[in-house]
4 protein chains.
Amino acid sequence: MARPTIGIWIVGARGSVATTVMTGLIALQRGLVEGTGLVSELPHFAHLQLRRWPEFLVGGHDIRNTPLIETAEGLAGDQRALPPSLVQACRRDLLRWEKNIRPGTLYHVGDRIASLAAGPSKRLHELPSKALARIQNDLREFQKRHKLAHLIVVNLASTEPPVDEQALPRRWSDLEKLLTSETCPLAASSLYAIAALDLGWPYINFTPSSGSSPRAIQELAELRQTCHAGCDGKTGETLLKSVLAPMMAQRNLEVMSWVGHNIFGNLDGKVLDSPENKASKIRTKDQLLGHILGYSPQTLVSIEYIQSLGEWKTAWDHIHFRGFLGTPMTLQFVWQGCDSLLAAPLVLDLVRLVQRARENSEQGVLPYLASFFKSPLGVRDQAMSSQFEMLLDWARHVPMERSR
Amino acid sequence: MARPTIGIWIVGARGSVATTVMTGLIALQRGLVEGTGLVSELPHFAHLQLRRWPEFLVGGHDIRNTPLIETAEGLAGDQRALPPSLVQACRRDLLRWEKNIRPGTLYHVGDRIASLAAGPSKRLHELPSKALARIQNDLREFQKRHKLAHLIVVNLASTEPPVDEQALPRRWSDLEKLLTSETCPLAASSLYAIAALDLGWPYINFTPSSGSSPRAIQELAELRQTCHAGCDGKTGETLLKSVLAPMMAQRNLEVMSWVGHNIFGNLDGKVLDSPENKASKIRTKDQLLGHILGYSPQTLVSIEYIQSLGEWKTAWDHIHFRGFLGTPMTLQFVWQGCDSLLAAPLVLDLVRLVQRARENSEQGVLPYLASFFKSPLGVRDQAMSSQFEMLLDWARHVPMERSR
Amino acid sequence: MARPTIGIWIVGARGSVATTVMTGLIALQRGLVEGTGLVSELPHFAHLQLRRWPEFLVGGHDIRNTPLIETAEGLAGDQRALPPSLVQACRRDLLRWEKNIRPGTLYHVGDRIASLAAGPSKRLHELPSKALARIQNDLREFQKRHKLAHLIVVNLASTEPPVDEQALPRRWSDLEKLLTSETCPLAASSLYAIAALDLGWPYINFTPSSGSSPRAIQELAELRQTCHAGCDGKTGETLLKSVLAPMMAQRNLEVMSWVGHNIFGNLDGKVLDSPENKASKIRTKDQLLGHILGYSPQTLVSIEYIQSLGEWKTAWDHIHFRGFLGTPMTLQFVWQGCDSLLAAPLVLDLVRLVQRARENSEQGVLPYLASFFKSPLGVRDQAMSSQFEMLLDWARHVPMERSR
Amino acid sequence: MARPTIGIWIVGARGSVATTVMTGLIALQRGLVEGTGLVSELPHFAHLQLRRWPEFLVGGHDIRNTPLIETAEGLAGDQRALPPSLVQACRRDLLRWEKNIRPGTLYHVGDRIASLAAGPSKRLHELPSKALARIQNDLREFQKRHKLAHLIVVNLASTEPPVDEQALPRRWSDLEKLLTSETCPLAASSLYAIAALDLGWPYINFTPSSGSSPRAIQELAELRQTCHAGCDGKTGETLLKSVLAPMMAQRNLEVMSWVGHNIFGNLDGKVLDSPENKASKIRTKDQLLGHILGYSPQTLVSIEYIQSLGEWKTAWDHIHFRGFLGTPMTLQFVWQGCDSLLAAPLVLDLVRLVQRARENSEQGVLPYLASFFKSPLGVRDQAMSSQFEMLLDWARHVPMERSR
């Protein structure tokens with residue numbers, strides 16, 4: 001097996017998605033599984049010669065203490081999410097990667113997330129600038145120890161309460177000054193984004209938290225000539241919305257109301273059960289209908305924590321629409337998906353594609369990754385098919401020479 | 001109101017879809033309803049200056065006797081499909097159009113359809129050539145009487161048993177010879193297609209019956225320099241398949257099985273309840289998955305006649321797929337649509353768009369109408385989004401001058 | 001047609017349920033419809049010789065002004081709830097009954113309901129004792145004018161915010177004293193209950209509001225030797241809970257979670273959209289699982305106002321349970337019922353059965369009516385089958401002689 | 001652990017249900033699981049002092065060769081039905097019980113089942129009398145070897161094609177004579193029933209096959225003073241029908257149509273995919289609606305083999321009913337149950353309860369076991385609640401002294 005040369009640094013490294021990313025990556029590295037669920041394994045991207053799985057190594061931050069193997073075994077046991085035999089086969093590597101995880105920061109993560117903290121994170125009360133320095137130190141130390149070319153930082157941590165981005169300075173030089181203040185309004189996700197981008201390394205925001213979205217942080221990416229993408233992985237109900245709503249539009253059917261109820265029981269669900277964290281999530285799940293339809297039907301999106309469901313996110317959507325001569329009709333769907341297993345392959349895809357963008361010296365937001373996100377940075381088109389077309393189009397035109 | 005100049009000639013003119021087409025067209029002509037459900041009313045097509053509703057007049061063939069107004073009142077009453085007040089408002093015109101309906105042919109429609117015949121059709125036992133002459137006579141008589149520029153013929157009759165198209169001659173000159181034989185294997189739908197195309201008038205096949213699909217009839221369209229489109233209107237479950245299956249493909253999710261159960265209770269349902277007629281329908285509903293996915297999952301499509309449902313076609317689809325690391329997940333949908341109200345606006349759209357093609361002197365199959373059909377003639381791509389893109393692309397490039 | 005001798009006095013007489021009760025009763029009186037949906041028309045009750053439909057006349061209170069015929073036509077039009085022809089056939093009687101409606105009281109109905117007030121009710125700010133006197137005056141005036149033997153009062157008004165019944169005095173003599181105080185904590189529904197019972201007339205609470213539930217008001221019923229029943233008609237989702245939960249218990253299947261989402265768009269839905277009113281409703285929808293199962297699974301009940309649905313209440317329930325060897329399984333149901341058409345026949349049934357109880361000189365709570373209610377007064381058993389068995393048992397044993 | 005004294009002899013011992021029965025029984029004997037899903041563990045039956053789990057030992061017949069442990073590991077692996085750790089814990093006992101399985105007979109099992117035969121069964125072509133002698137020999141040998149008081153025989157084999165029971169002689173003395181003929185119309189399930197009953201041992205038919213249903217075999221049970229019960233375990237969709245249909249009846253709602261589509265992918269599903277075997281099953285699933293409702297709505301029941309679902313039987317039921325004033329409404333449910341895990345505990349319950357009946361010297365059909373069966377022998381009442389009441393009633397009155 002080739003020596004890994006690229007680090008994947010996961011914020012929220014002990015969560016279900018992160019654990020599934022790692023278990024899946026190990027399984028791919030060892031040839032134990034096929035590429036089902038991985039967009040980057042589709043034939044359309046074969047000519048891109050994306051980095052192979054053994055070239056990646058994982059480390060990360062987390063505010064909790066639970067060992068990776070414990071999370072993995074939970075996912076394989078009661079949750080019925082991972083195949084038990086696979087977890088056993090990956091056990092040794094998981095124990096090894098465990099050592100690459102460092103204490104995360106609790107700066108502005110909200111009370112719900114803060115209450116989950118365990119171990120060293122719990123005791124940390126630091127200025128943003130202090131947190132930033134510590135994070136960058138962890139990143140560099142990981143790079144150096146494993147002789148990695150560079151890292152790609154991915155945010156998989158639980159959703160933070162919303163930040164008022166309009167109130168932030170729009171220039172990096174102005175935002176930077178706030179970092180030394182106790183009243184700096186940025187949340188943890190943005191500190192990690194700054195840490196990565198400032199070192200010239202790509203940042204991927206797979207959550208609805210603020211991350212690299214603020215204008216000033218986007219400028220930082222450009223200043224440091226690196227790239228980033230986000231926000232909020234489009235894994236289930238919203239993915240369906242982004243294919244069904246265009247169909248309604250194409251047929252000139254008038255959506256009168258669209259109700260979506262989501263129930264699930266993993267830690268993300270528990271965090272979202274707190275109203276302030278939920279607000280961030282619902283905003284991103286709800287906005288795309290207006291974009292696609294060109295008008296705003298009555299919508300309702302709920303996300304509720306139902307413990308017994310564990311990883312099995314179940315969504316019921318009820319779409320009430322009007323057809324010819326005003327006749328009301330109904331489409332309902334029930335989605336029963338395993339949350340972490342839907343998210344994890346997209347994370348691996350994003351890492352590979354962002355890596356390819358880096359090799360192509362791309363900078364700033366990568367808009368052609370829109371199909372992966374509920375709220376794609378820099379893209380207004382929310383229809384899955386045209387977003388995917390953007391990705392294919394990029395793949396068709398990306399030059400073959402690369403700077404590594 | 002402008003005098004109509006274009007005839008819409010409907011085969012199966014007394015059926016639910018045809019009655020809804022007429023009621024809807026009258027309502028549009030009188031400004032009683034808006035364009036909901038009509039694709040041709042989308043802003044993308046505004047610049048095409050499609051013919052306005054008052055420019056159309058309807059006539060047709062049917063093998064049954066039931067008055068239009070009776071069917072319309074049934075749709076407004078127990079069926080809860082049409083608004084009762086609308087039917088009343090359209091009553092006078094429906095009685096007038098009633099006079100434009102002529103007896104259809106029973107040639108090779110199958111026993112189930114034949115058993116529905118009433119009135120003059122019942123007594124007709126004619127050679128194909130005889131039927132053809134009679135049909136063309138009806139068409140010309142309608143044109144002359146109403147001083148119409150030309151007709152567009154649309155097949156809305158119940159599904160016929162399948163015809164073995166491979167066994168037919170591939171040249172028109174050879175097929176034509178068979179028309180005088182009692183063993184001519186063509187079915188009624190193809191006779192209507194020949195009647196229209198031979199007169200240089202367009203033909204639209206909104207059903208899975210053979211219609212203009214045989215190679216030799218396609219050649220006839222080219223010889224007479226006219227155009228045609230088909231087959232089988234994509235109204236409900238299959239429409240959903242054509243947006244959901246591409247999503248599965250784009251995410252590299254492996255569809256293991258796709259089960260679709262359809263229940264409904266109108267006359268079409270009764271005809272499809274006969275195994276030989278059902279065979280035609282299921283073939284067209286079932287084929288597109290393989291095209292889109294690139295492999296063939298286990299599929300099951302059932303169509304069952306449940307009388308109490310009337311027009312309200314209900315489909316339950318159960319899609320069992322495998323995600324990352326092989327984890328099985330499920331998507332189910334329930335579609336509760338009013339069959340005739342989904343089909344009727346597409347018929348009106350097709351007539352307007354085919355008319356525009358004629359004004360543009362287009363000949364042969366019109367492939368950019370694929371998004372309207374379950375089995376689009378001349379197009380292999382079954383994904384709704386790319387089919388719709390073809391239509392937009394045509395609309396963007398169609399020249400503005402026109403031959404009327 | 002026989003002259004009516006019994007008055008049905010409906011609180012909330014202009015609402016959808018009340019309008020449907022009246023339209024249905026008129027239709028039954030005129031022999032326009034059959035007994036579908038009426039429990040009291042089942043053969044089990046034939047020997048009871050329940051009062052026939054023409055023996056009833058309707059009047060009532062409401063705080064709004066909308067004419068009955070307007071509500072009825074709305075239910076027949078866009079709502080697709082009542083057959084339009086039926087409403088036309090009942091039109092004249094509805095206009096006549098319109099005159100029997102008097103302004104209701106706004107005392108402690110909550111801000112949401114108060115905001116709906118129109119006409120005289122809007123201007124009323126009265127002490128409970130004053131409201132009570134006015135209500136009783138209306139009741140007696142109706143009785144006298146139509147020469148009725150007596151009235152049965154039914155509460156169909158929108159759900160009020162919850163009242164803390166524990167804080168009320170438990171004796172009627174103590175509660176009565178509070179009625180002259182501006183701080184009397186009773187809500188309107190209880191004032192109507194007191195008005196009826198105090199006159200010796202039965203009271204039926206078809207809503208989750210307080211009504212006759214307070215201990216002191218129950219004592220009043222006994223003091224005046226009359227009877228009452230409640231609370232909260234069991235029409236849809238809760239009806240299903242009361243047959244499905246016993247099945248789970250009988251099979252020793254462990255319900256881990258039971259999620260129920262209800263969406264609908266009539267006025268009741270709008271009122272329930274206010275958190276304080278919703279609280280009353282959810283409490284009564286949610287409690288029965290614990291009673292039936294003997295333990296409390298995680299439950300979630302939501303009721304949301306989705307305007308486009310109108311009367312068509314749609315409930316999605318997701319029941320997650322554990323079977324043998326702990327294997328998790330799922331039952332989901334979707335209920336699409338027309339709210340007023342489910343409630344109205346039960347109201348008519350209750351009136352007839354309560355009338356029969358009165359003829360049998362029964363006093364206090366009538367526990368054998370439990371199967372009609374979500375929170376049956378005086379009965380803990382929540383299983384539909386045993387509740388229905390109680391009703392059959394009463395019917396089998398009720399004496400045939402009667403005091404009228 | 002007590003020495004077992006009662007043998008459970010399973011026909012179809014290598015199937016999924018049987019394997020789950022054995023794994024579950026072992027797990028109960030070893031205290032590894034709780035009683036979830038076991039009716040006989042409900043508090044209502046505690047006073048009956050039913051036999052404890054360690055008192056039972058399992059043997060059986062099968063026509064296939066697949067080792068139990070292989071089936072069990074399949075159920076724990078891809079099927080996600082049994083917990084993998086539990087199968088490991090039961091491994092040694094399963095290997096031991098493996099030795100108690102003998103080759104079954106193929107007499108009149110239908111071509112589909114016959115095609116599954118492997119090992120010695122494949123080579124057997126025997127007269128009924130010969131098969132019977134061999135079966136009885138196997139039973140007695142098992143009893144003797146393990147010093148068991150007696151056996152209880154349970155049929156869990158795949159569904160046979162229907163037998164015309166009306167054409168059979170009604171007296172045992174007449175039926176017995178047919179056993180030596182090559183044209184004896186009985187199927188295998190009845191030969192096993194005769195084998196057991198003739199030895200004075202109880203027989204339970206958990207399938208829709210003929211078993212002990214023929215009148216003459218029922219007489220045999222009485223002649224030998226033993227008891228029997230059947231047919232066809234009520235595990236999923238039909239269980240729901242038997243609670244939902246009574247609700248419709250109690251509310252006088254008119255069921256217009258009831259459509260039920262069942263999909264699953266285990267061996268039973270494969271056998272049922274053959275039309276002749278499916279006929280038996282559908283008959284028993286479909287009949288109960290007429291019994292409960294008192295009229296026959298249009299019904300449709302389909303059972304289809306969808307391989308990817310394995311043990312996870314999914315049923316979609318669409319119930320179209322009419323309420324007050326004729327308004328049509330809809331109830332749909334989706335049942336996602338693990339077939340073998342729903343059936344297995346009922347088998348264990350039946351064995352314990354039949355054993356108790358035997359200790360109580362009961363003879364002939366045991367009607368109070370009706371709630372366990374789709375087509376209960378000797379009982380017309382199909383409502384779950386009254387069937388369960390019969391069981392409770394028996395339990396309340398069964399005498400405490402017992403003959404062992």
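Letters go in sequence order (proteins before strands), and every chain restarts at 1. Computation of the quantities below employed the complete heavy-atom set of this structure, encompassing side-chain atoms and omitting hydrogens, waters and symmetry-equivalent molecules.
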(request) Considering only heavy atoms and a distance below 4.5 Å, find which of Leu244(C), Leu240(C), Leu28(C) pairs most often with chain D. (result) Leu240(C)
(request) Below 4.5 Å from any heavy atom of chain D, which atoms of Glu41(C) appear? Answer side chain, backbone, both or neither. (result) both
(message) Are more than 12 heavy atoms, taken from residues, nucleotides or ligands other than Gln298(C), located less than 6.0 Å from that residue's CD atom?
(response) yes
(request) Determine whether Gln336(D) and Leu331(C) make a side-chain contact, defined as any pair of heavy atoms from C-beta on separated by less than 4.5 Å. (result) no
(request) Using a cut-off of under 4.5 Å on heavy-atom pairs, state which of Val334(D), Val33(D), Val39(D) scores highest against chain C. (result) Val334(D)
(message) If I measure from the heavy atoms of chain C, does Ala249(D) come under 4.5 Å with its side chain, its backbone, both, or neither?
(response) backbone
(message) Under 4.5 Å from any heavy atom of chain C, what part of Pro246(D) do you find: side chain, backbone, both or neither?
(response) neither
(message) Is the shortest side-chain heavy-atom distance between Ser371(D) and Gln250(C) below 4.5 Å?
(response) no
(message) Within this structure, what is the CZ-OG1 distance for the pair Arg251(C) and Thr235(D), rounded to the nearest 0.5 Å?
(response) 8.0 Å
(request) Please look at Leu348(D) and chain C and tell me whether the side chain, the backbone, both or neither of the residue comes under 4.5 angstrom of a heavy atom of that chain. (result) side chain
(message) With a 4.5 angstrom heavy-atom cut-off, is it the side chain or the backbone of Ala383(C) that approaches chain D, or both, or neither?
(response) neither
(request) Report the option among Arg322(C), Met248(C), Arg80(C), Lys234(C) that has the most heavy-atom pairs separated by less than 4.5 Å from atoms of chain D. (result) Lys234(C)
(request) Below 4.5 Å from any heavy atom of chain C, which atoms of Trp316(D) appear? Answer side chain, backbone, both or neither. (result) neither
(request) May I ask you to name which of Leu253(D), Leu32(D), Leu42(D) has the most heavy-atom pairs under 4.5 Å with chain C? (result) Leu42(D)
(request) Measure the CG-OG1 distance between Leu86(C) and Thr327(D) for me, rounded to the nearest 0.5 Å. (result) 9.0 Å
(request) Determine whether Phe388(D) and Met247(C) make a side-chain contact, defined as any pair of heavy atoms from C-beta on separated by less than 4.5 Å. (result) no
(request) For chain C, find which of Gly326(D), Gly337(D), Cys338(D) contributes the most heavy-atom pairs closer than 4.5 angstrom. (result) Cys338(D)
(message) Could you tell me if the side chain of Leu342(C) sits less than 4.5 Å from the side chain of Phe324(D), heavy atoms only?
(response) no
(message) For Ala315(D), which atoms come within 4.5 Å of any heavy atom of chain C: side chain, backbone, both, or neither?
(response) neither
(request) Count the heavy atoms belonging to other residues, nucleotides or ligands that lie under 6.0 Å from CZ of Arg396(C), then report whether that count exceeds 12. (result) yes
(request) Measure centre to centre between the rings of Phe321(D) and Trp335(C), then say whether the value is under 6.0 Å. (result) yes
(message) Under a 4.5 Å cutoff for heavy-atom pairs, which residue among Leu341(C), Leu346(C), Asp349(C), Thr23(C) has the most contacts with chain D?
(response) Leu341(C)
(message) Are Thr36(D) and Asn252(C) packed together at the side-chain level, in the sense that at least one heavy-atom pair is separated by less than 4.5 angstrom?
(response) no
(message) Using heavy-atom distances under 4.5 Å, tell me whether Leu82(C) contacts chain D through its side chain, its backbone, both, or neither.
(response) side chain
(message) Is it the case that over 12 heavy atoms from other parts of the model lie below 6.0 angstrom from the CG atom of Asp78(D)?
(response) no
